[in-house]
Amino acid sequence: EVQLVESGGGLVQAGGSLRLSCAASGFSFDDYAILWFRQAPGKEREGVSCISTHYGVTYYTDSVKGRFTISSDNAKSTVYLQMNSLKPEDTAVYYCAAAILGYSDYCLGYYDPDYWGKGTLVTVSR
């Protein structure tokens with residue numbers, strides 16, 4: 001069974017940090033890009049960051065560049081999103097997702113992933 005399980009969400013004050021984890025199982029980790037999406041109430045789903053170990057690339061949406069860092073532990077089939085200098089506008093449900101790789105290494109372009117986790121809530125207070 002394919003599973004993506006997020007953890008690490010919670011409540012943090014503005015300027016603080018959280019690290020999200022996405023544990024993957026049931027598929028070949030290196031054949032997929034792993035993405036983080038987020039969705040805030042009343043807003044469209046947004047691609048935040050992604051990683052492909054096959055292509056050796058990471059990408060970030062502009063609003064989180066310099067604050068968030070995505071990384072992977074391939075032996076554990078786990079992807080992390082280190083979130084620093086958090087802002088109230090980062091408040092959202094964060095989802096990890098897996099998209100099978102195509103010929104493009106621009107993994108934020110994989111907006112219709114094959115597998116999704118259930119999400120973890122991040123709340124950033126003022």
Side-chain angles (χ1 to χ4, degrees):
E1 179 185 0
V2 172
Q3 285 192 326
L4 294 169
V5 180
E6 304 97 332
S7 62
L11 175 65
V12 66
Q13 292 184 353
S17 298
L18 287 172
R19 189 178 76 159
L20 305 184
S21 298
C22 175
S25 61
F27 63 97
S28 298
F29 188 76
D30 197 52
D31 292 337
Y32 290 77
I34 306 298
L35 304 91
W36 287 99
F37 291 88
R38 66 186 180 187
Q39 189 162 31
K43 293 187 177 293
E44 190 173 337
R45 185 180 64 198
E46 176 187 23
V48 177
S49 185
C50 63
I51 186 168
S52 167
T53 58
H54 175 78
Y55 285 118
V57 297
T58 60
Y59 292 96
Y60 303 89
T61 193
D62 287 345
S63 64
V64 308
K65 286 180 179 176
R67 300 189 298 120
F68 291 11
T69 303
I70 192 168
S71 62
S72 66
D73 184 338
N74 291 349
K76 296 181 178 180
S77 295
T78 300
V79 169
Y80 305 97
L81 186 67
Q82 179 68 45
M83 306 186 296
N84 298 328
S85 301
L86 283 161
K87 304 175 180 179
E89 52 262 45
D90 295 317
T91 295
V93 177
Y94 284 70
Y95 300 89
C96 67
I100 195 165
L101 292 173
Y103 292 110
S104 175
D105 69 352
Y106 184 64
C107 44
L108 285 180
Y110 294 96
Y111 200 68
D112 189 19
D114 298 277
Y115 307 114
W116 289 87
K118 294 181 178 179
T120 185
L121 177 63
V122 172
T123 303
V124 184
S125 64
R126 297 175 60 249

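Start at 1 with the first residue, then count along the sequence. Treat the numbers as computed from the prediction; the structure is a model and nothing was measured.
A cation-pi geometry, defined here as NZ or CZ lying under 6.0 Å from the six-membered ring centre and within 45° of its normal, holds between Arg45 and Tyr111.
Using a 3.5 Å distance cut-off with no hydrogens or angles, the side chains of Thr78 and Asp73 do not pair a donor with an acceptor.
Under the 4.5 Å side-chain heavy-atom criterion for Ile, Leu, Val, Met, Phe, Trp and Tyr, Val12 and Val93 are members of distinct hydrophobic clusters. No continuous path of ILVMFWY side-chain contacts below 4.5 Å connects Tyr80 to Leu4, so the two sit in separate hydrophobic clusters.
Counting heavy atoms from C-beta outward, Asp114 and Val2 have side chains that stay 4.5 Å or more apart. Between Glu6 and Leu20, the closest side-chain pair of non-hydrogen atoms is not below 4.5 Å. With a 4.5 Å cut-off on side-chain heavy atoms, Leu81 and Ser49 count as touching. With a 4.5 Å cut-off on side-chain heavy atoms, Val79 and Phe29 count as touching. Two residues are said to be in side-chain contact when any heavy atoms from C-beta on lie closer than 4.5 Å; Cys107 and Tyr55 fail this criterion.
Expressed to the nearest 0.5 Å, how far CG of Leu108 lies from OH of Tyr60 amounts to 10.0 Å. Atoms CD and CZ, on Gln3 and Phe27 in that order, are 10.5 Å from each other to the nearest 0.5 Å. The line from OG1 of Thr53 to CG of Asn74 is 4.5 Å long, rounded to the nearest 0.5 Å. Between the OG1 atom of Thr91 and the CZ atom of Arg38 there is a distance of 9.0 Å, given to the nearest 0.5 Å. Note that SG of Cys50 is 8.5 Å distant from CZ of Phe37, once rounded to the nearest 0.5 Å.
Residues Ser63 and Glu46 share a closest heavy-atom pair of OG-OE2, 3.7 Å. What you find for Asp30 and His54 is that their closest heavy atoms are OD1-N, 3.3 Å. In plain terms, the two heavy atoms of Trp36 and Ser21 that are nearest each other are CH2-O, 3.6 Å. Here the shortest heavy-atom pairing between Ile34 and Ala98 reads CD1-CB, 3.8 Å. In this structure, Leu101 and Tyr110 approach most closely via the heavy-atom pair C-OH, 3.8 Å. Considering all non-hydrogen atoms of both residues, Ser125 and Leu11 come closest at CB-CD1, 4.3 Å.
Classified by interplanar angle (parallel below 30°, tilted 30° to 60°, perpendicular above 60°), the ring pair Tyr95/Trp116 is perpendicular.
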Verify side chain to side chain contact (heavy atoms under 4.5 Å, CB included) between Met83 and Val48, making sure each step is shown before the conclusion. CA-CA 11 Å; Met83 306 186 296; Val48 177; over 6 Å; no
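Between Asp90 and Lys87 there is no salt bridge, since no side-chain N of the basic residue sits under 4.0 Å from a carboxylate O of the acidic one.
In this structure, the ring of Tyr106 has its center less than 6.0 angstrom from the ring center of Tyr59.
No donor-acceptor distance shorter than 3.5 angstrom exists from the side chain of Tyr94 to the backbone of Gly8, with no hydrogens or angles considered.
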